[in-house]
J.: 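The structure under discussion is supplied below as structure tokens; questions concerning it will follow.
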Amino acid sequence: MTATIQPHESTPKLIIKGSKHPLKGIVRASGAKNAVLPILAATILCSDIVTLHNVPQLQDVITLTDLLCSLGAKVEINGETVIIDPRGIDNIRASHELVKLMRASILVLGPILARFGKAEVSLPGGCAIGSRPVDQHLKGLEALGASISLENGYVHAYAPQATAKLKGGLVMFDMVTVTGTENIIMAAVLACGVSVIENCAREPEVTDLVKMLVKFGAKIEGIGTEKLTITGVQKLSGGEYQVMPDRIEIGTYLCAAVLTHGDITIENCEPEHQEMLINKLRKTGALINVGKDFIHIVKDSSPILPVNIKTAPYPAFPTDMQAQFMVVNALANGSSTVVETIFENRFMHVEELARMGANIRVEGNTSIIAGVKSLSGAEVSSTDLRASGCLVIAALVAEGTTTIDNIYHLDRGYAKIEAKLSALGADIKRV
Ligand code: EPZ
């Protein structure tokens with residue numbers, strides 16, 4: 001089944017009436033976007049049907065399942081369960097028309113090359129938050145014996161002629177790259193011989209991919225560390241896998257609870273993924289109680305305390321939570337700094353927050369924030385996925401009404417956000 005891709009030209013908007021009412025109640029986290037995307041790509045490596053559970057209903061998931069269908073897979077989406085039959089895949093070319101919709105499509109490069117010995121994947125463009133090159137992905141594949149050429153905006157990758165199989169090798173990343181690590185892991189699991197990958201990303205989403213591959217027969221040691229040792233196998237089976245919960249969606253709701261001085265419980269969590277964020281949110285004065293699979297947060301009516309943050313690879317503070325936490329600091333009782341070390345242009349939400357009355361000064365990769373008493377509703381624009389999440393939570397507490405446009409950015413990463421926020425007492429609707 002090929003789901004239709006929402007035309008980006010449609011310009012749905014969110015209208016949010018700010019209020020002093022605290023968010024209260026229970027919200028269930030959806031599956032992790034940044035785990036399900038590599039896991040969907042990894043089904044290309046499997047020799048039988050794969051059933052995924054806890055899949056978030058997001059535009060990015062539809063974009064990637066449409067790409068898998070264009071390669072010859074059969075896909076059935078039933079709510080939060082997705083069934084992929086990869087056995088019919090026979091096309092090694094991932095077209096620009098689909099790849100341009102989502103940069104993470106580059107994740108099919110490693111699996112196609114590992115399975116077929118050749119791959120043609122359109123180069124992802126840059127995006128709003130930075131140039132985001134894929135040089136580390138290509139260097140890693142060359143270390144596994146691939147020859148790579150760039151022609152007409154496509155990556156052409158070939159395994160060694162003789163075997164049409166990649167060979168085990170040593171891959172050392174120059175910097176921590178999440179999808180770079182994921183692409184190379186997927187390429188290595190079917191290579192001939194042993195691969196060692198150094199300076200791996202340790203994000204929980206990488207670990208979720210590794211757990212799925214191991215469950216289907218891959219041989220990978222060092223799970224969760226920066227050094228992985230992978231012994232190539234002949235093939236991977238199929239089977240069922242449950243996707244981990246989305247720690248960034250969860251973090252966004254936790255920030256909303258602090259901003260509205262609310263009391264919410266988030267269910268279907270894996271709290272150990274959130275230690276740094278929880279630590280920082282506790283410093284704002286929030287009380288956070290953590291269970292096996294839930295997080296309960298309460299923020300009383302006392303002022304929000306400012307907290308300095310600096311983004312870095314896991315387990316440090318996640319760059320995907322930087323914009324949302326900036327809103328917490330924008331309404332804190334005092335000054336703070338937010339340092340972004342991962343992407344070169346991830347402060348575009350600052351301008352939009354300033355239009356709502358925030359007092360933020362950007363100096364290079366540092367934002368200096370002077371907390372204000374309140375924000376005011378305004379017409380604002382989403383510039384990228386997490387920035388749009390930050391504008392939504394700012395609007396919840398702004399005085400008056402906020403209209404947010406270009407919310408296709410939001411729909412890429414936040415499942416059912418209006419329903420979830422309305423259930424907690426927010427006044428939010430899509431027009
Ligand atoms: C992943 O992007 C996430 N996306 C991003 O989430 C997240 O912000 C990012 O990791 C950092 O955690 C998915 O997992 C689908 P990187 P990725 O490669 O893999 C540079 C969201 O909101 N770099 O870890 O593309 C790069 O420019 C998205 O869900 C190279 O120079 O990020 C960046 O500065 C936004 N060459 C840094 O490394 C390369 O070959 C980290 O990028 C690869 C990366």
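Note that ligands are numbered from 1 as they come in the structure, with each ligand's atoms numbered from 1 the same way.
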J.: Would the distance check show the side chain of Gln324 and the main-chain N or O of Asp320 forming a donor-acceptor pair, the cut-off being under 3.5 Å?
T.: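 Judged by distance alone, yes, a pair lies under 3.5 Å.
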J.: Atom 43 (C) of ligand 1: which protein heavy atom is closest, and how many Å away?
T.: Pro133 O, 3.3 Å
J.: Tell me, which protein residue and heavy-atom name are nearest atom 8 (O) of ligand 1, and how many Å apart are they?
T.: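 For this ligand atom, the closest protein heavy atom is Asp320 OD1, 2.6 Å.
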J.: So if I count the atoms of ligand 1 from 1 in the order they appear, which ones are less than 4.0 Å from some heavy atom of Ala104?
T.: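 By the 4.0 Å cutoff, the relevant atoms are 15 (C).
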J.: What's the shortest distance from atom 27 (O) of ligand 1 to any protein heavy atom, and which residue and atom give it?
T.: Arg132 CA, 3.4 Å
J.: By number and element, which atoms of ligand 1 are closer than 4.0 Å to a non-hydrogen atom of Val134?
T.: 39 (C), 40 (O)
J.: Quick check: does Glu344 get an N/O under 3.5 Å from an N/O on ligand 1?
T.: no
J.: Checking a contact table here: which protein heavy atom is nearest atom 9 (C) of ligand 1, and how many Å away?
T.: Phe343 CZ, 3.9 Å
J.: Of all the non-hydrogen atoms in the protein, which one sits nearest to atom 36 (N) of ligand 1, and at what distance?
T.: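 Here the closest protein heavy atom is Asp135 OD1, 2.8 Å.
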J.: Has Asn54 got a side-chain atom pairing as donor or acceptor with Glu80's backbone, closer than 3.5 angstrom?
T.: no
J.: Return the residue, atom name and 0.1 Å-rounded distance of the protein heavy atom closest to atom 38 (O) of ligand 1.
T.: Met175 CG, 3.7 Å
J.: So, regarding Gly180 and ligand 1 (criterion: nitrogen or oxygen to nitrogen or oxygen, under 3.5 Å), is there a contact or not?
T.: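 No - when backbone and side-chain N and O of Gly180 are compared with those of ligand 1, no distance drops under 3.5 Å.
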J.: Pairs of nitrogen or oxygen atoms closer than 3.5 Å, one from Thr177 and one from ligand 1: do any exist?
T.: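 Between Thr177 and ligand 1 (N or O atoms, distance only) the closest approach is under 3.5 Å.
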J.: Go through it in stages, so that I can follow the logic: the residues are Thr383 and His409, the test is side-chain contact (heavy atoms from CB on, under 4.5 Å), and I'd like the CA-CA distance, side-chain angles, deciding distance and then a yes or no.
T.: CA-CA 7 Å; Thr383 50; His409 287 294; 5.7 Å; no
J.: What residue and heavy atom of the protein are closest to atom 11 (C) of ligand 1, and at what distance?
T.: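 For atom 11 (C) of ligand 1, the nearest protein heavy atom is Thr319 CG2, 3.7 Å.
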J.: Distance-only, no hydrogens or angles: does the Glu340 side chain make a donor-acceptor pair with backbone N or O of Gln322 under 3.5 Å?
T.: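 No, Glu340 side chain to Gln322 backbone: no donor-acceptor pair under 3.5 Å.
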J.: May I ask you to check whether Gln136 has an N/O atom sitting below 3.5 Å from an N/O atom of ligand 1?
T.: yes
J.: Does the Asn199 side chain pair with the main chain of Met172, one donor and one acceptor, at a distance under 3.5 Å?
T.: no
J.: Looking at Arg346, which atoms of ligand 1 are within less than 4.0 Å of one of its heavy atoms?
T.: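 With Arg346 as reference, the close atoms of ligand 1 come out as 8 (O), 22 (O), 35 (C).
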J.: For a side-chain contact (heavy atoms from CB on, under 4.5 Å) check, start with the C-alpha distance between Tyr408 and Leu410, then their side-chain angles and the critical distance, and finish with the verdict.
T.: CA-CA 5 Å; Tyr408 58 85; Leu410 198 68; over 6 Å; no
J.: Taking Lys280 for the side chain and Asn308 for the main chain, is one N or O donor matched with an acceptor at less than 3.5 Å?
T.: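 Indeed, once roles are kept as given, a pair shorter than 3.5 Å links the two residues.
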J.: Establish, for the pair Arg28 and Phe294, whether the NZ or CZ atom is under 6.0 angstrom from the six-membered ring centre and no further than 45 degrees off its axis.
T.: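 No - Arg28 does not lie over the ring of Phe294 by the 6.0 Å and 45° rule.
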J.: Closer than 3.5 angstrom, by distance alone: can the side chain of Tyr241 be matched with the main-chain N or O of Phe216 as a donor-acceptor pair?
T.: no
J.: At what distance, to the nearest 0.5 angstrom, does CD1 of Ile309 lie from CZ of Phe317?
T.: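 So the CD1 of Ile309 and the CZ of Phe317 are separated by 3.5 Å.
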J.: Which ligand 1 atoms, with their elements, are less than 4.0 angstrom from a heavy-atom of Lys33?
T.: 21 (C), 29 (O)
J.: Per the salt bridge (charged side-chain N to carboxylate O under 4.0 Å, His left out) rule, what does the pair list look like for residues 105-115, sequence neighbours excluded?
T.: none
J.: Among Ile106, Val178, Leu385, which one has a heavy atom closest to atom 10 (O) of ligand 1?
T.: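 Comparing heavy atoms across Ile106, Val178, Leu385, the nearest one to atom 10 (O) of ligand 1 lies in Val178.
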J.: Mark the output for Met102 as yes if a heavy-atom distance to ligand 1 is under 4.0 Å, and as no if none is.
T.: no
J.: Would you mind running through ligand 1 and noting each atom that sits below 4.0 Å from a heavy atom of Arg386?
T.: 21 (C), 22 (O), 29 (O)
J.: Below 3.5 Å, N or O to N or O, backbone or side chain included: is there any such pair between Leu37 and ligand 1?
T.: no
J.: Considering only heavy atoms, does Glu340 approach ligand 1 within less than 4.0 Å through its side chain, its backbone, both, or neither?
T.: neither
J.: Kindly state each residue pair satisfying salt bridge (charged side-chain N to carboxylate O under 4.0 Å, His left out) with at least one member in residues 38-57, sequence neighbours excluded.
T.: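 For residues 38-57: Asp48-Arg87.
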J.: Starting from atom 17 (P) of ligand 1, find the nearest protein heavy-atom neighbour and note its residue, name and distance.
T.: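 Its nearest protein heavy-atom neighbour is Thr179 OG1, 3.6 Å.
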J.: Got a second to check how far Asn365's CG is from Asn345's CG, nearest 0.5 Å?
T.: 12.0 Å
J.: Examine the proximity of ligand 1 to Leu138 and report which part, side chain or backbone, both or neither, has a heavy atom under 4.0 Å away.
T.: neither
J.: Run the numbers for me: atoms of ligand 1, each under 4.0 Å from some heavy atom of Asn34, listed by number.
T.: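 Those atoms are 3 (C), 4 (N), 6 (O), 13 (C), 14 (O), 15 (C), 21 (C), 29 (O).
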J.: Would you mind running through ligand 1 and noting each atom that sits below 4.0 Å from a heavy atom of His137?
T.: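 Those qualifying, in numeric order: 40 (O).
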J.: What do you reckon, is CD of Glu151 surrounded by more than 12 foreign heavy atoms closer than 6.0 Å?
T.: yes
